[in-house]
Amino acid sequence: LLPYAWLLFLLGVCISPRFKDLNNIFYLFFIPLTLVAIREHFSSFVRSPIYIWLLAFSGWMALSSIWANNPDFSDLKSILYVIFFISGIALCEETKVLEKWGFLIPMAIVFQLFFSKMEGQRLSGFGPMENPLYAGHFYVFFCWFFLNYKKFHSKNIVSTAIRWIGLLLSVGACYLTQSRSAVICLPLLILIFLLLQDKAFKYQKSVILILTLVIATISTALLFTNKWITLPSNSFDYAINLEAGEILLVNFSKTNEPPTTPKIRNAHGQTEPLQKGSKPKRFLYTADKSDVFHLNISLDKKTINPWKSVKLYTKTPSTAFQLKERFVPPRAFQFDLTFGYRTEIWKERFKHCLEKPLFGHGFSQYLAIPFHGRHISDSHNFFIGTTFYGGVVALIIYTGLLTSCLHVLFTKRSWALLTLLICGIITTSFDDDKFFSSTRPYWLLLLFPIAKALKISLHQRSSFIPSFDNKNL
């Protein structure tokens, strides 16, 4: 029954109205079945180097809660959740269940996309995929999933159709979330997949993949109304970063009269009209704090290129008005040396790490990071977050766990899983804070390949553990 719980979990990623409901699926189905299945194999588990690293990591992080300033031992349950998930996936043989019921997964993705919407520049869904960043990571996993799992129906032609429809939906949706770390992983997944194919099928599948990427890119260009090109429209939404005190000038051309005053919305959803300037067709706005603002502009006629009708300028207290770039690539392809201000976050969190470098601040410690006039708690990097909570000791154990998994997957030539694990390391190096938490996208991108590496390791030590067959994955 454990494979059915895994299938239900994947479906829950797409159809759960809230993260809480996805957690409930995990609590009610996955954990009990894992407890039943692991009893006869536990002795094999504790002899596996990967599992030993995992238990050492879990034990140290649990112990570190003792020296946190305000210990909250309720957080320790997330450590058990991660152990249960990895253990359950290591015992799961899902290929037969997917062959019978795998068609439900593309249907669930269609359901998710049907209720998704464009929030400014990015695709935002509901439930676990409400955050475009999380949605991008989930879709990366589904891209890998449809690339590497081969049987979704007993009939090959139906299975192939399900597989490629799922891949097309996942690739397109991933691009539309505009999550940079997710989009970085896509070419890597596809490249490794192509290299692993038989020569007879390389050409055909390459063409299909290229067409998939072209369609996804065109969809991105058409749907992102402030980038490259827009559908003919009277209005468009433009996302712009403004620092505190920075002035935005919206200047309409002589031949265009705005039917309504432009409006601007901050990240908290507060909307207000721009002030009229000293000259006609000019509107001004002064940012009271650093934030990402969404500028809504209406035009008197439809156009596919709004930048012919309006131009944007910005000015700081120490500089003159400067023209903003009129044509920029989609967000995912914008080169940003700060990685979306993450370098500033890492710098501040690293200072916290240096305060208690050896043992860390404790697993349940909360220490806010000052960021542009507000405070955040997410380190946006697993390595830095691990060092903050558990010190250098935790970082060494975490690195040992990853190294052990990479070694097993490399020596056993499990290239698909190795690629997914690398993608998990990439995404968690830019997003998320803790290795041990409730259900999040990294469970699929990082914990899933760790669990499969554990499964391969277990099979070497016990014939009772289901074998792992690269040909079926």
Side-chain angles (χ1 to χ4, degrees), residues 3 6-7 9-11 13-15 94-116 123 125 129 135-177 179 182-223 332 414-417 419-420 423 441 444-445 448-449 452 469-473:
W6 168 234
L7 175 64
F9 183 86
L10 288 180
L11 295 176
V13 167
C14 297
I15 64 177
E94 66 274 20
T95 52
K96 292 183 179 179
V97 172
L98 290 176
E99 184 175 346
K100 188 175 182 179
W101 299 102
F103 69 91
L104 293 175
I105 298 177
M107 293 176 63
I109 293 175
V110 170
F111 181 81
Q112 170 68 224
L113 291 174
F114 182 79
F115 291 100
S116 297
L123 180 69
M129 295 197 188
H137 292 177
F138 278 129
Y139 285 126
V140 165
F141 175 80
F142 284 122
C143 290
W144 177 89
F145 183 80
F146 288 112
L147 280 172
N148 293 285
Y149 278 87
K150 295 179 171 56
K151 295 292 290 184
F152 291 92
H153 197 274
S154 56
K155 295 182 180 180
N156 288 335
I157 188 170
V158 177
S159 178
T160 301
I162 293 172
R163 192 179 172 199
W164 291 109
I165 289 173
L167 176 64
L168 177 62
L169 291 171
S170 301
V171 171
C174 183
Y175 269 110
L176 292 176
T177 63
S179 171
V183 172
I184 287 172
C185 293
L186 278 181
L188 178 62
L189 294 177
I190 295 171
L191 175 62
I192 298 300
F193 171 77
L194 290 175
L195 293 176
L196 295 177
Q197 300 311 300
D198 297 330
K199 292 183 178 179
F201 297 99
K202 276 187 177 181
Y203 177 75
Q204 295 178 4
K205 293 182 177 180
S206 298
V207 171
I208 293 174
L209 284 170
I210 291 172
L211 289 176
T212 300
L213 292 176
V214 169
I215 293 172
T217 303
I218 292 174
S219 301
T220 302
L222 292 175
L223 290 175
S414 297
W415 307 122
L417 286 168
T419 306
L420 184 63
C423 288
L444 301 181
L445 292 177
F448 181 84
K452 290 301 185 182
D469 186 0
N470 277 322
K471 293 182 180 179
N472 293 323
L473 179 66

Quiz item: Is a side-chain N or O of Ser159 found less than 3.5 angstrom from the main chain of Lys150, in a donor-acceptor match?
Solution: yes
Quiz item: Going from CD1 on Ile162 to NZ on Lys155, what distance comes out if it is rounded to the nearest 0.5 angstrom?
Solution: 11.5 Å
Quiz item: Rounded to the nearest 0.5 Å, how far apart are CG of Leu167 and CG of Leu147?
Solution: 4.5 Å
Quiz item: Hey, does Phe9 have a side-chain heavy atom less than 4.5 Å from the side chain of Leu444?
Solution: yes
Practice problem: May I ask you to decide if Tyr149's main-chain N or O and Arg163's side chain share a donor-acceptor pair within less than 3.5 Å? | Solution: yes
Quiz item: Is the Phe138-Phe142 ring centre distance short of 6.0 angstrom?
Solution: no
Quiz prompt | Euclidean distance, Leu7 CG relative to Lys100 NZ, rounded to 0.5 Å | solution = 11.5 Å
Quiz item: So do Trp144 and Phe448 actually touch side chain to side chain, heavy atoms under 4.5 Å?
Solution: yes
Quiz item: Is there side-chain contact between Leu186 and Tyr175, with at least one heavy-atom pair below 4.5 Å?
Solution: yes
Quiz item: Rounded to the nearest 0.5 Å, how far apart are CE of Met129 and CD1 of Ile109?
Solution: 7.0 Å
Quiz item: Are any of the side-chain heavy atoms of Ile105 and Phe146 separated by less than 4.5 Å?
Solution: yes
Quiz item: In Å and rounded to the nearest 0.5 Å, what is the CD1 to OG1 distance from Ile165 to Thr160?
Solution: 10.5 Å
